[in-house]
Every structure is written in C-alpha cells, then in structure tokens.
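Heads up, the thing below is written out as structure tokens.
Order of the sequence lines sets the chain letters (A, B, ...), proteins ahead of strands, with each chain counted from 1.
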Amino acid sequence: MNLQQLHQLEPCLWTLPRATAEKRAEVLLYGTAPLLVSMDDKVLEQAANVAFLPGVVGASMTMPDAHWGYGFPIGGVAAFDAGQGGVISVGGVGFDISCGIRCLRSNLSLQDAAPRFNELADTLFHAIPAGVGEEGEIKVNLTQIDQILQEGANWAVKHGYGNTADLEYIEEHGRVADAVPDNVSELAKKRQRGEMGTLGSGNHYLEVQMVERIYDAAAALAFGLHEGQILISIHCGSRGLGHQIGTEYMLILAKAASRLGIRLPDRELACAPIKSPEGQQYIGAMNAAINCALANRQILTHLTRVACEKIFRDAEFETLFDVSHNTCKAETHEVDGKPRLLHVHRKGATRAFGPGHPALPERYRKVGQPVVIGGSMGTGSYILAGSSGNRAFASASHGAGRAMSRHQALARWKGRALVDELAQQGILIRTRSMRGVAEEAPGAYKDVDLVAEATEQAGLARRVAFLRPKVCVKG
DNA sequence: ATGTTC
C-alpha cells in the first residue's frame with residue numbers, strides 16, 4: 001500500500017482523505033507504516049468500498065493484520081445503524097462464521113510436559129479430526145443440529161463435553177440469542193452432521209504452547225498465566241454449516257440489494273438492510289452458525305482434555321477464554337457522546353471490551369477482555385487485554401494476517417521441508433496435508449510480533465503474554 | 001474458510 005495517499009493521524013492511525021463531493025464515511029487504518037506498506041492496495045480499496053455502504057457509522061476500519069478478503073478486508077471492522085438504513089453483509093462476517101480461538105490454560109509446566117511432547121503430538125493428532133470434509137466419531141441428527149444451533153456450547157456441556165465453568169469464559173456464555181435454525185437450509189445442517197468436534201483445514205489448528213514472556217503482570221494474574229506454563233489454543237469455526245450459509249445468503253442478499261436499489265461498489269459486498277426480511281433472515285442464520293462454532297470448540301475442548309489426560313494423568317485444562325473473530329453482533333457503543341445500538345461487523349477481528357465492561361466475567365472485569373492474536377504456524381501467539389477507550393468499536397487484531405496468497409506460498413515452500421525445519425526449532429507439526437502446511441508457511445504471514453506491538457501502540461489492546469508453539473495439529 | 005470447480 002502506498003502511504004502517500006493516506007494522511008497520518010497518529011503513529012498507528014491513518015485515514016484516506018475524502019474528495020469534497022464524495023459521499024462516504026471515513027476510512028481508518030490502524031497499524032504502523034511498515035505493516036501498512038506491506039499490505040496489498042486491495043485492502044485500502046475494500047475498506048473504502050465498505051465506507052460507501054448505507055448506514056455505516058463513524059468509519060470503515062482495518063486492524064494492523066488486515067489483508068485482502070471477499071468483499072470486506074479480513075481485519076475489517078464496520079458498524080451499521082439499523083435505524084439509518086444500515087445493512088448486514090455476508091462478506092462482512094466471512095464464510096467461516098464465528099471462526100475463533102478457544103484458549104485453555106493448564107497446570108502443566110514446560111518442564112513437566114517437554115519430555116512427552118512427541119507422544120502428546122501423536123495422541124492429539126489421533127484424537128482431533130482435521131482436514132477438509134473430515135468427520136469425527138460424533139454423529140448428530142438434524143433434530144440435534146437444531147438444538148445445537150439454538151443452544152451453542154450449552155448443548156455440548158449438557159451432553160458431557162466439558163463443564164459449566166467453561167461457559168462463563170466464552171463470549172455470550174457460549175450461546176448467542178436470536179438464532180433461528182429455521183433460517184438455515186437442510187443442506188447446511190446435513191453437511192454438519194458428522195463435523196461437530198472437528199478442526200477443519202486452512203489456517204485452523206490446535207496448538208500446545210508455552211508462556212514465554214509476561215508483559216502485564218496484573219492482567220496475567222487475572223488470566224491465570226505465568227511463565228513456563230503450558231496452554232492449548234484451538235482455532236476453528238462453524239465448518240461446512242457456516243460455509244453453506246455464507247454461500248446461500250450471498251445470493252439471497254445480492255438479490256435483496258438489487259430489489260431495494262442498493263448500489264454496491266463491489267458485487268462481493270452483497271448486503272441487505274438490517275430491517276429487511278432478508279437481512280433479518282441472514283442474522284438469524286448467522287447467529288445459529290455462531291452457536292454451531294461455539295459448540296464445536298466446546299466439543300474440541302473436551303476431546304483435547306481426554307487426549308491430554310492419557311499422557312498427563314493429573315493435567316487440568318481450564319478455559320481461559322473463547323473469542324470469535326468472524327461475526328456481526330448487536331452492541332451498544334457511544335457515538336458522539338450518545339449510546340447507540342449498532343450492528344458491528346468484525347471480519348478477522350476480535351471483540352476487545354475494555355476494563356469494566358459489564359459483559360466480561362467478573363474475574364477479568366478489572367483488566368479487560370482476553371484477546372488472542374493467533375500467530376502463523378510455528379511463530380508464536382499473543383494474549384492481550386482489551387484497552388479502555390473503546391477504539392474501533394472495541395475491536396482488535398485476530399492474527400498475524402496473511403502477507404501473500406496461498407497460491408504464492410505453494411510456489412515457494414514445500415510442506416515436508418517446513419515440517420522438518422520447524423522440528424529443528426523444537427516445534428512438532430502433525431498434519432494430513434503437506435500442501436496445507438506449505439500454504440500456511442510462516443513466511444506467508446506478517447510478523448506477529450509487529451502486529452501485536454502495533455495493536456498495543458494503536459490503543460486497541462495491550463499485550464499480556466507471548467506464547468511459543470511446541471506442538472501443532474494442523475488442519 | 002470450503003464435500004478445495006454444484
């Protein structure tokens with residue numbers, strides 16, 4: 001991205017100046033100059049396109065890890081006011097609805113665990129179904145799917161996957177309201193029958209990590225983190241069901257936009273007014289998919305515990321938090337001094353409520369919401385805490401963010417060589433797809449350290465801990 | 001991201 005066309009407002013905040021006659025909202029890009037320079041021009045173009053959508057409030061924004069996505073940039077945040085013709089967009093949520101990260105903290109130290117990492121890697125690889133279309137041993141029927149879409153992680157706990165303590169540390173306590181299973185097609189539901197408790201593919205993973213560095217002692221204490229501690233992070237989403245909903249509603253919302261005469265700067269921005277029948281229908285289906293993803297991560301949490309207990313008999317894994325980073329949520333935010341109910345699209349962006357937010361579990365309320373920046377394979381991840389100040393409608397970065405396409409990565413790296421290289425660095429990879437590993441090469445991503453640093457400098461969230469990967473089951 | 005070109 002060429003920075004000449006931008007105006008720098010702060011060290012980590014940039015804007016695209018408006019032409020006088022132009023009727024669009026502001027465009028705000030969070031990040032350092034080097035991160036922005038490394039981004040494709042498409043990111044700016046897409047963020048500017050979003051600023052033209054009806055009812056956008058404040059600004060169309062991008063996080064420091066942004067990259068080119070379908071319609072909206074990944075790492076994009078935009079809020080809409082239903083009362084002002086605001087829209088809901090499939091591309092603003094993403095196809096992997098409620099993709100996110102479940103983070104578990106353990107009572108194991110690196111010293112305890114390291115001698116058995118090989119065995120742990122094999123056991124987790126065996127216990128966690130991963131790969132495109134891969135099904136697990138758990139089969140559910142369509143009636144049960146409807147219950148899952150309604151009850152989210154609560155359904156999983158009720159059926160023996162994990163415990164009620166987990167629920168307190170999931171966004172919305174594991175279940176979002178206003179899910180409408182009837183708005184989800186039978187095909188979407190059928191695709192999901194064998195995919196509950198599966199990891200999926202692409203950038204999804206299960207990683208065993210060690211807390212290598214603490215940045216904020218008070219927040220680390222609240223989050224139950226200390227140096228040398230073993231954590232497990234599970235990155236996955238709503239699998240076939242969410243993807244099928246995205247595919248179907250892309251068409252439905254495109255037709256609605258055309259029927260209502262909404263002019264789209266890019267056809268990939270298919271959207272409908274929040275108040276329209278199609279908009280409401282999608283919101284009901286999307287919420288159902290969020291519950292599906294929350295249930296999926298809850299089941300995976302259980303499978304992870306069972307696998308770990310085979311190796312470490314006294315191991316305990318508590319849910320630190322579960323963040324979603326592909327959602328649209330109705331939230332109240334203060335705009336020009338007045339509270340307003342807004343539909344906040346976060347696509348490849350994490351909700352990051354600051355200290356004192358009433359939605360946070362009591363244990364974390366003083367320090368802010370745990371935010372996870374999942375790094376690329378083998379580089380490391382960060383846990384942060386939401387900052388006060390409510391910047392970007394309380395949002396933060398979600399990962400390292402791609403720096404090159406999957407295609408480019410395939411041309412440049414070989415999966416087998418990467419696995420060997422990472423093993424030399426003490427990182428054990430288990431995968432069914434060497435092609436997937438090549439696509440996910442660490443070099444195909446931005447530097448996660450720079451993303452985390454910029455996230456903090458931009459005032460979006462503050463760093464609490466750095467996690468070093470040890471074992472990675474790759475989707 | 002995705003029963004990876006229904």
Touch class at under 4.0 angstrom, heavy-atom based, for A:R435 against every strand present: nothing
Would you classify A:G237 as touching base, sugar-phosphate or nothing, given that sugar-phosphate means primed atoms plus P, OP1 and OP2, and contacts are heavy atoms under 4.0 Å? nothing
Mind calculating the distance between CG (A:L187) and C1' (B:dT2) to the nearest angstrom? 12 Å
Working note: A:H235 + A:H325, criterion ring pair (Phe, Tyr, Trp, His ring centres under 6.0 Å); need CA distance, chi angles, decisive distance, verdict. CA-CA 10 Å; A:H235 179 205; A:H325 48 228; 5.2 Å; yes
Atom pair distance, as rounded to whole Å: CG in A:L199 and P in B:dT4: 18 Å
Heavy atoms only, 4.0 Å cut-off, all strands: where does A:E195 land among base, sugar-phosphate and nothing? sugar-phosphate
Please walk me through it: do A:Y364 and A:Y169 pass ring pair (Phe, Tyr, Trp, His ring centres under 6.0 Å)? CA-CA 9 Å; A:Y364 304 151; A:Y169 298 100; 5.2 Å; yes
Given B:dT4, is OP1 or OP2 found less than 4.0 Å from the side-chain N or O atoms of A:S201? no
Distance in angstrom units between A:E439 CD and B:dT2 P, rounded: 12 Å
Quick one, A:T301 and A:T304 - any side-chain contact, counting heavy atoms below 4.5 Å? no
With sugar-phosphate meaning primed atoms plus P, OP1 and OP2, does A:I245 contact a base, only sugar-phosphate, or nothing at under 4.0 Å between heavy atoms? nothing
Would you kindly give the CD-to-C1' distance between A:E134 and B:dT2, to the nearest whole Å? 14 Å
Check the distance between B:dT2's P and A:E135's CD and give it to me in whole angstrom. 13 Å
Assign A:G200 to base, sugar-phosphate, or nothing according to its heavy-atom contacts below 4.0 angstrom with the strands shown. sugar-phosphate
Please give, in whole Å, the distance from B:dT2 C1' to A:R406 CZ? 10 Å
Which sits closer to the 5' end of DNA chain B, A:G202 or A:V132, going by the nucleotide each is nearest to? A:G202
Check the distance between B:dT4's C1' and A:H243's NE2 and give it to me in whole angstrom. 9 Å
A:Q192 CD to B:dT2 P, straight-line distance once rounded to whole Å: 10 Å
Which residue pairs pass the salt bridge (Lys or Arg N to Asp or Glu O under 4.0 Å) test with at least one member in residues 62-76 of chain A, sequence neighbours excluded? none
Donor-acceptor pairs under 3.5 Å, side chain of residues 39-47 of chain A to any protein atom, not counting sequence neighbours: which ones?
unit_1 : atom_1 : unit_2 : atom_2 : d
A:D40  : OD1    : A:K42  : N      : 2.8
A:Q46  : OE1    : A:G69  : N      : 3.1
A:Q46  : NE2    : A:G69  : O      : 2.7
A:Q46  : NE2    : A:G71  : O      : 3.3

